[in-house]
Protein chains: 2
Amino acid sequence: MINFELYKVFYLTAQLGSLSKAAKALYITQPSVSHAIKQLEEGFGLELFSRTSKGVVLTKEGQVLHSYVEQAFTFLSLAEDKMSELKNLEGGELRIGGSDSLCKHYLLPYLEVFHAQHPNVKIHLVHGTTPEIVTYLKEGKIDLGVVRMPVNDIQLEVREGILIQDCFVAGSKYRELAGQILSLEKLLDYPIILFSRNSHSRYAITGLFRDHGLVLAPEFELGSVDLLIEFAKTGLGISYVTKQFVTKELEEESLFEIKLDVPIPQSRVGIITLKNMPLTSAASTFIERIPLN
Amino acid sequence: MINFELYKVFYLTAQLGSLSKAAKALYITQPSVSHAIKQLEEGFGLELFSRTSKGVVLTKEGQVLHSYVEQAFTFLSLAEDKMSELKNLEGGELRIGGSDSLCKHYLLPYLEVFHAQHPNVKIHLVHGTTPEIVTYLKEGKIDLGVVRMPVNDIQLEVREGILIQDCFVAGSKYRELAGQILSLEKLLDYPIILFSRNSHSRYAITGLFRDHGLVLAPEFELGSVDLLIEFAKTGLGISYVTKQFVTKELEEESLFEIKLDVPIPQSRVGIITLKNMPLTSAASTFIERIPLN
DNA sequence: ACCAGCTATAGAAGGTGTCTATATGATCAA
DNA sequence: TTGATCATATAGACACCTTCTATAGCTGGT
C-alpha cells in the first residue's frame, strides 16, 4: 500500500497546479515535492501530471486519482477539525449518571457552570439508583457517575467528593421540637417522610434505627427531594433529607433541623468512572471542576 | 496537518483491535505501531484507544476519528484499485481521432485487436478533418490522432506511420484503360470522382493537376471511401482512392488501377499526440501496436 | 504463583525524507 | 536570435524520524 503521506503532497500539488506552490503550502522545498510525486508515479507505474513551464496539469489518470484523493482528503480534514473540536470542548458530549437526589441538588450547579463555559458540549444526565449507574458506566452509556459512597467494585475508579450529612427536618407545625434533642424512639411518635426505597440514604437511616432495635416505618414515601421538602414545610411530617440540600430552607426558617441524641453517619459523594477507560475530554474537564475530598 | 501515514496505522489498529495485529498487517513491529498511535494521540491531545490486556478499544474520541478515517481509507483503497486497473488496461478509455478515410480502412483492424485484448477499455473514435483532429487533441478531447502527413504544428508530437499511395481506379465499364498509361490531360476526358473538399488527398491530387497547368473538376464529390469505391465499380466514373484501401477490389478485379505518366506522390500516415503531454496507459499501448515508419 | 499475551518504554541503527546546489527546459521580451 | 525569468528535474549530502531490538509492566487465566 502506498505511503498515505504522498497523497497529501499529490492533492495539494493538484489543487495548486504547481510543485513549487505545493512546496510552499507544505513548508518543504520544491525538490521534495518533485520527489514525492515521482514516488507516487513510480508506485502506480503511471504518469499523474503533465509538466509544463507554468506548472503541472493532471493527466487523465491523475484526474482519476485526484477525484478519489479529494474525497479522502476532505474526510481527513474534517476529522482533524472534529478532533480539535472535541479537544477544545467545542463539541462532543458529556454523559453523566446521578443517583438519587444528587442529580438535582448536587450536580446541577456544576453542570450549569460547565454548560455556560462549553455550550456546544451536549450534556446527557441520566438518573438512577447506584447499581443502575454502575451498570450504565460498564455498558459505556455514561462517562461518569455521581453516587453516594461507599461503592465497592473492582472495575471502578472512585474519586471521593464532599461529605454530606443527612438529617431530619420539620416545618412550623412541629416548632416545639426546635432546640430539643430527641431520641430515635421518641422520633417515631411523629409521622416520618422518607425517600423511596432503594435509595442509599433510605438504607442508611433504616439501618441506624435497626441498630437500636427500632423499626422505622415511614408515613410517606416520596420519589423526589423536592416533595420531601414540600411535605415537611406543610407539616405533613418530618422528612429525612440531606442537610446541604435544604440550606436555603433552614436559613429562611421554613424548615428547622431536629437534633437527635445519636449521630447520623455522614456519607460521601463519590465520582465513579471505569478503571482503565480513558475519559473523554469533556468528562475529565468536568471532573476537574468538582470539589474532591 | 497530521502525517497521513499515521492514519493508516490508526485505521488498521482500530479494525483489528490490537497493536500487535496491526503491526503484523503492516509488516512492522508492535513498538512502531505503539509509537505511531502515540504520535496521533499527542497530535490531537486526545486518547484514541483504551488499552486492555487483550488489545485496544477505541475511546469515544477514537470512534469519532475512526468514522472519518474509515471513509478516507475506503477512498484511498478504491483509488489504488482504480490506478492498477488503468495501468493494466482493465479500465479507462482510449480516445482516437481519425481523419478522412483512415478511420475505417487503416485504424479499424488495430482497434479490433486492441479491443479484443483489452475489452474493458472503452474506445471512442471520432472522425474529422485533419485540422479538426488537431483541435480535438489540443482541447484534450482525444488522446491521439491518426492523420495524413505532413502535419506542421509545433505543439504536436508526430510519429511517422506507413506510406500510402493514392491512385485512380475504375470498374469494368472502362476496361479499355487497363494496361494503358494515361496522361493527366487525357484522364480529364473521363468523369472523375473525388473525396469531399477539405480532405488531404483531395488537396494533393488537385495540386498535382494544377502543377501541370490543369484543373481537376470532379463529376462527383463523395463523403466516404465506400461510396468512392461503389461509384467506380458501377461505372459512374474514375475514383481517386488510396491503393491500400482497395486491395481487395483490385485482387478480385472488380476494380483496376489506371496508370498515369506522372507519379502520384506518396503520403504517409502520421500518429499525432500533444507534445509534452503524457499519454494514457491505453494510448501509449495502442501506439506501440501501430506499425511505424 | 506462574505463564501467555498484550502494550509501553528505552536506546540504537538504518532508511528515507528533506535539504542545497545545480541542471534543464519553456516562455517571453528585446 | 539572446538573455531573463520561472518552472521542474536531478544529484548528493545530511539529519531526522521511523523502525528495530530488548525489556519491562500489566492483566487474566490456568
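This is a predicted model, so every value here is computed, not measured. Naming: A, B, ... by sequence-line order, numbering from 1 per chain.
Computed from coordinates, the A:K8 NZ to C:dG17 P distance equals 13 Å when rounded to whole Å. Whole-Å rounding puts the A:L40 CG to C:dG17 P distance at 11 Å. In this structure, A:H35 atom NE2 and C:dG17 atom C1' are separated by 8 Å, rounded to whole Å. The interatomic distance linking B:I37 (CD1) with C:dC6 (P) rounds to 16 Å, in whole Å. Atom NZ of B:K21 is separated from atom P of C:dT7 by 9 Å (rounded to the nearest Å). The distance from atom CG of A:L6 to atom P of C:dG17 is 7 Å, rounded to the nearest whole Å. Atom CG of B:L48 and atom P of C:dT7 are 15 Å apart (whole Å). Between the C1' atom of C:dT7 and the CD atom of B:E47 lies a distance of 13 Å, rounded to the nearest Å.
Taking a heavy-atom distance under 4.0 Å as the criterion, the stretch of DNA chain D touched by chain B extends 5' to 3' from D:dT18 to D:dG28.
In the model, A:Q15 has a side-chain atom that pairs as donor or acceptor with a side-chain atom of A:H66 under 3.5 Å. Side-chain polar atoms of A:S34 and A:R51 form no donor-acceptor pair below 3.5 angstrom. B:T74 and B:S77 form no side-chain donor-acceptor contact under 3.5 Å, judged by distance and modelled atom types alone. Looking only at atom types and distance, the side chain of A:E90 has no donor-acceptor partner in the side chain of A:H118 under 3.5 Å away.
Distances shown here put every side-chain N or O of A:T29 at or beyond 4.0 Å from the OP1 or OP2 atom of C:dT18. In this structure, A:R51 does not reach the C:dG25 phosphate: none of its side-chain N or O atoms is under 4.0 Å from OP1 or OP2. Applying the 4.0 Å criterion to OP1 and OP2 of C:dG5, one finds that B:S53 has every side-chain N and O outside that range. One finds a side-chain N or O of B:K38 lying less than 4.0 angstrom from the OP1 or OP2 phosphate oxygen of C:dT9.
Residues A:Y27 and B:K24 each lie close to DNA chain C; by heavy-atom proximity, the contact nearer the 5' end of the strand is made by B:K24. In terms of position along DNA chain D, the nucleotide closest to B:Q39 lies nearer the 5' end than the nucleotide closest to the other residue of the pair B:P31 and B:Q39.
Under the side-chain contact (heavy atoms from CB on, under 4.5 Å) rule, A:I2 has a single partner from B:K8, B:E80, B:E5, which is B:E80.
Cation-pi geometry between B:K141 and B:Y136 is not met at under 6.0 angstrom from the ring centre and within 45 degrees of the axis.
Using bins of under 30°, 30° to 60° and over 60° for the plane-to-plane angle, the ring pair A:F10/A:F49 lands in the tilted bin.
Of the candidates C:dT7, C:dA8, C:dT20, C:dT7 carries the atom nearest the B:S20 side chain, counting heavy atoms from C-beta on.
When heavy atoms are screened at a 4.0 angstrom cut-off, A:Q30 is found touching base atoms of the nucleic acid.
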